[in-house]
Amino acid sequence: QVQLVESGGGLAQAGGSLRLSCVASGRTFSESATGWFRQAPGKEREFVATINWVGTQTYYADSVRGRFTISRDNNKNTLSLQMNNLKPEDTAVYYCAVARGTIQQKQPAMYNYWGQGTHVTVAS
């Protein structure tokens, strides 16, 4: 069993930055790929970024590539998302998740553990 707790959300101005963190309990975190997803009001949950179990391979949604950076520290059981040059359309609840297996995944169905989410609001 894995429990995930996100933090770092809040209010930012367009063009600004925020850093999200996700702390995990349990050994499964360091043996699994992980990812970030987001859900805006009235919209479906969408993929943001994913990283493999050792942190050597990443993949991003087109909408955030070049602005967001996903990283992980398996010694600290922590997943991070550095978000730069934020846009109002980045406003959403952001969720971290642990995947089945070691390879990075884009599909929510490939994840079996989810955090409660942290709110990000970007003002124009």
Side-chain angles (χ1 to χ4, degrees):
Q1 190 75 7
V2 177
Q3 291 187 332
L4 304 171
V5 179
E6 301 100 334
S7 63
L11 175 64
Q13 296 296 314
S17 298
L18 285 173
R19 185 176 181 87
L20 305 184
S21 294
C22 174
V23 179
S25 65
R27 197 179 69 182
T28 302
F29 175 88
S30 62
E31 300 171 347
S32 304
T34 52
W36 288 96
F37 292 77
R38 66 187 183 186
Q39 187 167 17
K43 295 187 177 181
E44 293 186 354
R45 189 170 298 189
E46 66 172 359
F47 165 75
V48 174
T50 181
I51 188 167
N52 68 341
W53 71 294
V54 289
T56 57
Q57 296 184 7
T58 58
Y59 187 80
Y60 298 90
D62 290 343
S63 59
V64 307
R65 187 174 292 115
R67 300 188 297 122
F68 290 10
T69 302
I70 187 172
S71 61
R72 66 188 296 163
D73 184 341
N74 286 344
N75 291 325
K76 297 180 179 179
N77 267 18
T78 300
L79 177 69
S80 298
L81 184 69
Q82 177 67 42
M83 306 187 295
N84 298 329
N85 191 21
L86 285 163
K87 302 177 180 180
E89 51 263 44
D90 294 320
T91 295
V93 178
Y94 284 71
Y95 300 89
C96 66
V98 174
R100 301 183 184 92
T102 60
I103 300 172
Q104 60 272 31
Q105 302 287 348
K106 297 193 309 179
Q107 299 300 324
M110 297 304 295
Y111 290 77
N112 51 8
Y113 297 106
W114 294 83
Q116 293 299 307
T118 185
H119 290 258
V120 171
T121 302
V122 183
S124 58

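Here the structure is a predicted model, which means the values were calculated and not measured. In what follows, residues are counted from 1 in the order of the sequence shown.
Residues Pro108 and Phe37 approach most closely at CG-CE2, 3.7 Å, considering heavy atoms. Leu18 approaches Gly10 most closely through the heavy-atom pair CD1-O, 3.9 Å. The two residues Phe29 and Val98 come nearest to each other via the heavy atoms CD1-CG2, 4.1 Å. Residues Tyr111 and Ala99 come closest through the heavy atom pair CD2-N, 3.4 Å. Here the shortest heavy-atom pairing between Phe47 and Lys106 reads CB-O, 3.5 Å. Of all heavy-atom pairs between Ala33 and Ile103, the closest is CB-O, 3.2 Å.
Leu79 contributes atom CG, which lies 8.5 Å from atom OG of Ser21 (distance to the nearest 0.5 angstrom). From Lys43, atom NZ reaches atom CZ of Arg38 across 8.5 Å, with rounding to the nearest 0.5 Å. Rounding to the nearest 0.5 angstrom, the gap separating the CG atom in Asn77 from the CD atom in Gln3 is 12.5 Å. One distance of note links OG of Ser80 with CZ of Phe68; it measures 13.5 Å at 0.5 Å rounding. Here CD of Gln105 is found 14.0 Å from CD1 of Ile51. Values are rounded to the nearest 0.5 Å. Put simply, CG on Asn85 and OG on Ser17 are 8.0 Å apart, with the number rounded to the nearest 0.5 Å.
Looking only at distances, a side-chain donor or acceptor of Thr50 sits under 3.5 Å from a matching main-chain atom of Thr34. Judged by distance alone, the side chain of Tyr95 and the main-chain N or O of Gln39 form no donor-acceptor pair under 3.5 Å. Checked by atom type and distance alone, the side chain of Tyr60 pairs as donor or acceptor with a backbone atom of Ile70 at under 3.5 Å.
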- Message: Would Tyr94 and Glu6 count as a side chain to side chain contact (heavy atoms under 4.5 Å, CB included) here? Give the steps.
- Response: CA-CA 8 Å; Tyr94 284 71; Glu6 301 100 334; over 6 Å; no
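Within the structure, every pair that satisfies the salt bridge (charged side-chain N to carboxylate O under 4.0 Å, His left out) test and touches residues 66-80, not counting sequence neighbours, is listed here: Arg67-Asp90.
Taking the salt bridge (Lys or Arg N to Asp or Glu O under 4.0 Å) definition, one finds that Arg19 meets it with nothing, sequence neighbours left out.
Side-chain heavy atoms closer than 4.5 Å link hydrophobic residues (I, L, V, M, F, W, Y) into clusters, and following such links, possibly through other members, connects Val2 to Leu20.
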Considering only distance and modelled atom types, tabulate donor-acceptor pairs under 3.5 Å from the side chains of residues 112-124, sequence neighbours left out.
unit_1 : atom_1 : unit_2 : atom_2 : d
Thr118 : OG1    : Gly9   : N      : 3.2

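Between Ser32 and Trp53, the closest side-chain pair of non-hydrogen atoms is not below 4.5 Å.
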